[in-house]
2 protein chains.
Amino acid sequence: MSAVDGKPGLRERKKQRTHAAISDAAITLFLEHGFNQVSVAQVAEAAEVSKRTLFAYFPTKEDLVVHRLADHETETARVVRDRPSDTVPLTAVREHFLKGLIERDPITGLNDHPQVRRLHRMILDAPSLVARMERFKTGAERALAQALRETADTPELTARLAAVQIVAVQWALAQDNAERLAYGEPADERYAGAVADAEHAFALLENGLRHVFM
Amino acid sequence: MSAVDGKPGLRERKKQRTHAAISDAAITLFLEHGFNQVSVAQVAEAAEVSKRTLFAYFPTKEDLVVHRLADHETETARVVRDRPSDTVPLTAVREHFLKGLIERDPITGLNDHPQVRRLHRMILDAPSLVARMERFKTGAERALAQALRETADTPELTARLAAVQIVAVQWALAQDNAERLAYGEPADERYAGAVADAEHAFALLENGLRHVFM
DNA sequence: GAGTAAATGTATACCAGGTGCAGAAATCGT
DNA sequence: ACGATTTCTGCACCTGGTATACATTTACTC
């Protein structure tokens, strides 16, 4: 058990290689033929691994795709936690999202690299993957609610309400961007609109729906 | 096709009876033994129907449970559409939700009848059912966004943003109520708190998160 | 460096949800 | 009552996922 060693040990390295091999084989096949058109058995064969081993690394077929986003699940929560002490949570989240737009972070929906777009399309075409993304969203809500409670000592319910609103809005923005790129609009061309929409959305979050309806 | 006849025809009636028989058998078995512990084959047998026929009526196992909520998917959208002309959408939704609390509408999470609570628990215990509920939520968002666009001519993106916020908040409120009832709190005792929380939540929607964090 | 315990991997058989198909049975219009 | 049309059924089949029992590899100890 060499946990803090510089050398992770052969076993560990081999595991990582296998993990990557399976994941790569999966993504490659899925992108080429579609998620539902490729069976896990085929993925296992392409990765030169038994089906059972595949399921030892990835609990479900969907995880073969979604595990790459695992870090993003707690991203917003982390942003809130790590914000400067003179910054209010919502501002930190907005700044982070705008930075994501600049960097064309795929999670903002504003990345038009063919790989990313094909991945996006693949997910939308597979209901089980869409469902998985929803679960992902729920996880983000929970993490954010906890971060709000702990760093802005927001009361329980308020934290949950704020969290679901913030996550839902970010998600909607990203979906809107991705949708437009899927339609063929280049990211660079969309950028200005994406920023404006984000500003609008976060202003809505801050000021409420009052101004919309009245 | 006798759609408006008094006589629906034998075929139609039989279909409805079969539909109900399958659904009832499913719910009964699921409540008794748990969703994952009962196979669709068992449901089919209990309903005296072939497995193939079962899937002709319900596309997936989850639908055996969720089809009962189908109407609720567009409920908020309907409320917005049918609101009096001098009422703003958010107000209509709030009033409707508060009315739901009074009536102990299960969708508000404030119904503590044993049947309802067991159903709720059953759903939470089955990941695939939870996933299905999320999809349900997404449907509600879309329907509401459209209603907002059409009856309050809210611009596309704004409508979507408002819709996801409203749906998310209602959902959070319902979940919070249901959670407390699951904990053993009687609905009548919870009622006052539920109303206060709902008012708080809708005020948040109206006035924004500004007052929370600043 | 040999030997052993622990961890990983494999083959095989199995279960459950879901679909395709061919034909039997019920319902409908006339 | 009769043919046309739906609906139901049984069966075989595919796929995702799991259990079991066994083989292989790695790591640790002396």
Side-chain angles (χ1 to χ4, degrees), chain A residues 1-23 25-26 29-30 33-67 125-132 135, chain B residues 1-3 5 7-23 25-26 29-30 33-67 125-132 135:
Chain A
M1 182 78 73
S2 37
V4 284
D5 283 22
K7 279 192 192 169
L10 176 56
R11 194 164 257 168
E12 216 59 31
R13 270 179 291 148
K14 210 163 193 179
K15 263 172 87 166
Q16 288 178 1
R17 264 197 298 138
T18 306
H19 185 94
I22 296 172
S23 174
L29 286 174
F30 289 159
H33 304 112
F35 185 76
N36 288 323
Q37 278 59 56
V38 178
S39 72
V40 293
Q42 287 175 279
V43 174
E45 193 180 3
E48 291 177 317
V49 150
S50 79
K51 200 176 77 167
R52 202 74 225 296
T53 298
L54 185 153
F55 280 113
Y57 281 85
F58 300 92
T60 70
K61 187 184 183 184
E62 287 74 31
D63 283 291
L64 288 168
V65 177
V66 178
H67 78 99
D125 285 346
S128 66
L129 279 176
V130 174
R132 197 70 169 65
R135 213 180 103 193
Chain B
M1 185 74 70
S2 37
D5 283 22
K7 281 189 188 170
L10 176 54
R11 195 165 253 167
E12 215 61 29
R13 270 178 291 148
K14 211 163 192 178
K15 262 172 87 165
Q16 288 179 1
R17 265 197 298 138
T18 306
H19 185 93
I22 297 172
S23 174
L29 286 175
F30 290 158
H33 304 112
F35 185 75
N36 289 323
Q37 278 59 55
V38 178
S39 72
V40 293
Q42 287 175 280
V43 174
E45 194 181 3
E48 291 177 317
V49 152
S50 79
K51 200 176 76 166
R52 207 67 185 67
T53 298
L54 186 153
F55 280 114
Y57 281 86
F58 300 91
T60 71
K61 187 183 183 185
E62 286 74 31
D63 283 292
L64 288 167
V65 177
V66 178
H67 78 99
D125 285 346
S128 65
L129 278 177
V130 174
R132 198 71 169 64
R135 214 179 102 192

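If you're wondering where the values come from, they're calculated on a predicted model, not measured in any experiment.
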Value in whole Å for how far the [atom2] atom of [N] lies from [atom1] of [X]:
| X | N | atom1 | atom2 | answer |
| --- | --- | --- | --- | --- |
| Arg13(A) | dT8(C) | CZ | C1' | 16 Å |
| Lys61(B) | dG17(C) | NZ | C1' | 8 Å |
| Asp63(A) | dG16(D) | CG | P | 14 Å |
| Ile22(B) | dC8(D) | CD1 | C1' | 11 Å |
| Arg17(A) | dT25(D) | CZ | P | 14 Å |
| Lys15(A) | dA6(C) | NZ | P | 17 Å |
| Asn36(B) | dC15(C) | CG | C1' | 13 Å |

I want to verify a distance call: between [options], whose nearest atom is closest to the [X] side chain?
| X | options | value |
| --- | --- | --- |
| Lys51(A) | dT18(D), dT27(C), dT9(D) | dT18(D) |
| Arg52(B) | dC11(D), dA19(D), dT25(D) | dC11(D) |
| Lys14(A) | dT8(C), dA26(C), dT26(D) | dT26(D) |

Residue list, side-chain hydrogen bond (donor to acceptor under 3.5 Å, both in side chains) with [X], at least two apart or on another chain:
| X | answer |
| --- | --- |
| Thr53(B) | Ser50(B) |
| Glu48(A) | none |
| Asp125(A) | none |

Neighbour count >12 (heavy atoms, 6.0 Å) for atom CD, Gln42(B) = yes
remark   = Contact check, residues 40-48 of chain B vs DNA chain D, heavy-atom distance under 4.0 Å, returns none
ask   = Of all of residues 53-60 of chain B, which get a heavy atom below 4.0 angstrom from DNA chain D, listed by number?
value = Thr53(B), Tyr57(B)
message = Give me the atom names and distance for the closest heavy-atom approach of Leu54(A) to Val40(A).
response = CD1-O, 3.8 Å
Please round to the nearest 0.5 Å and tell me the distance separating atom [atom1] of [X] and atom [atom2] of [Y].
| X | Y | atom1 | atom2 | answer |
| --- | --- | --- | --- | --- |
| Leu129(A) | Asn36(A) | CG | CG | 7.5 Å |
| Arg132(A) | Arg135(A) | CZ | CZ | 4.0 Å |
| Phe58(B) | Asp63(B) | CZ | CG | 8.0 Å |

request  = Any ring pair (Phe, Tyr, Trp, His ring centres under 6.0 Å) involving residues 33-57 of chain A? Give me the pairs, sequence neighbours left out, ordered by first then second residue.
outcome  = Phe30(A)-Phe35(A)
